[in-house]
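Below: one structure, written as structure tokens.
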Amino acid sequence: VRTTGDPVAFAPTLRQVLRDLDANLPIAAVATLNEVLSRSVSRPRALAYVLGLFSLLTLVLCTIGVYGVMAYSVSERRREFAIRIAVGARDGQLIRSVLRQGAWLIAIGIGVGVPLSVALARSIAGLLFRVSPTDPATLLAVVVGLSAVGLAACWLPAVSATRADPLQALRAE
């Protein structure tokens, strides 16, 4: 039934009209089309929210992991960076060195992850609406986004490499 105004306010009138037409007609519930539609997609929507939450958590954990690996690598190379600084290396050279190492790790991760995600994408095909599980634009956006997050996670260790004190690093050895 189409109404003008609030459809919930029209429900008692609708019930009375239906009773007048057929008193034996059961009227279980009166709901708007938006309510029916909302109920019909509530389960897939909840599943999408849970998957999104887990995806965000995975992104945070990956960022922490990349940061941890790069921070450890920079701490292991502290003497090397100190010597480079002592002989005149510039901050940009050290940062590029660390970011290059991080980019290599990110490239390996994406090189392994994208083919695996394409292979496993058919398992979530039923959850997608008007999007192919192997949509090239989505895969490109994910690769670019993960690369940016990974390089951002490498940035802090790269900057800390430029703060190595040559005297302290060489004395510690």
Side-chain angles (χ1 to χ4, degrees), residues 34-173:
N34 287 339
E35 291 170 349
V36 172
L37 182 64
S38 179
R39 275 188 243 133
S40 73
V41 297
S42 64
R43 184 180 172 116
R45 183 178 292 153
L47 186 57
Y49 284 135
V50 169
L51 285 175
L53 181 65
F54 282 132
S55 298
L56 182 62
L57 179 63
T58 302
L59 180 64
V60 168
L61 289 174
C62 288
T63 304
I64 292 169
V66 169
Y67 171 79
V69 168
M70 293 309 298
Y72 177 76
S73 174
V74 167
S75 72
E76 289 292 309
R77 295 173 62 189
R78 188 180 68 221
R79 184 167 189 247
E80 171 196 344
F81 291 135
I83 292 171
R84 285 183 175 193
I85 291 170
V87 296
R90 298 195 174 172
D91 291 351
Q93 292 169 323
L94 297 176
I95 290 173
R96 276 192 299 279
S97 171
V98 174
L99 289 180
R100 192 176 308 118
Q101 181 184 7
W104 178 246
L105 293 174
I106 292 165
I108 291 171
I110 288 174
V112 170
V114 168
L116 282 175
S117 70
V118 169
L120 296 173
R122 284 161 187 66
S123 65
I124 65 162
L127 300 173
L128 302 175
F129 181 71
R130 292 187 182 175
V131 177
S132 165
T134 56
D135 179 44
T138 302
L139 288 174
L140 180 64
V142 168
V143 166
V144 169
L146 287 176
S147 298
V149 168
L151 288 174
C154 295
W155 181 257
L156 285 176
V159 171
S160 73
T162 63
R163 296 196 175 102
D165 183 14
L167 291 177
Q168 286 182 352
L170 296 174
R171 280 187 197 145
E173 294 294 323

Distance-only donor-acceptor hits, side chain of residues 145-158, under 3.5 Å, sequence neighbours excluded:
unit_1: S147; atom_1: OG; unit_2: V143; atom_2: O; d: 2.8

Contacts under 3.5 angstrom, residues 80-95 side chains, donor-acceptor by atom type, not counting sequence neighbours:
unit_1: E80; atom_1: OE1; unit_2: R77; atom_2: NE; d: 2.9
unit_1: E80; atom_1: OE2; unit_2: R77; atom_2: NH2; d: 3.1
unit_1: E80; atom_1: OE2; unit_2: R84; atom_2: NE; d: 3.3
unit_1: E80; atom_1: OE2; unit_2: R84; atom_2: NH2; d: 3.1
unit_1: Q93; atom_1: OE1; unit_2: R90; atom_2: N; d: 2.8

Show me, pair by pair, the donor-acceptor contacts under 3.5 angstrom made by side chains of residues 113-121, not counting sequence neighbours?
unit_1: S117; atom_1: OG; unit_2: G113; atom_2: O; d: 3.4
unit_1: S117; atom_1: OG; unit_2: V114; atom_2: O; d: 2.8

In a table with atom names and distances, give each donor-acceptor pair under 3.5 Å that connects a side chain of residues 46-61 to protein atoms at least two apart or in another chain.
unit_1: S55; atom_1: OG; unit_2: L51; atom_2: O; d: 2.8
unit_1: T58; atom_1: OG1; unit_2: F54; atom_2: O; d: 2.7

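Every residue meeting the side chain to side chain contact (heavy atoms under 4.5 Å, CB included) condition with L140, not counting sequence neighbours, appears here in chain and number order: V144. For R163, the side chain to side chain contact (heavy atoms under 4.5 Å, CB included) partners at least two apart in sequence or on another chain are V159.
Judged by distance alone, with hydrogens and angles left aside, the side-chain atoms of S73 form no donor-acceptor pair with the main-chain N or O of M70 at under 3.5 Å.
Pairs of residues two or more places apart, or lying in two chains, that qualify as side chain to side chain donor-acceptor pair (under 3.5 Å) and include a residue from residues 134-146 are S132-T134, D135-T138.
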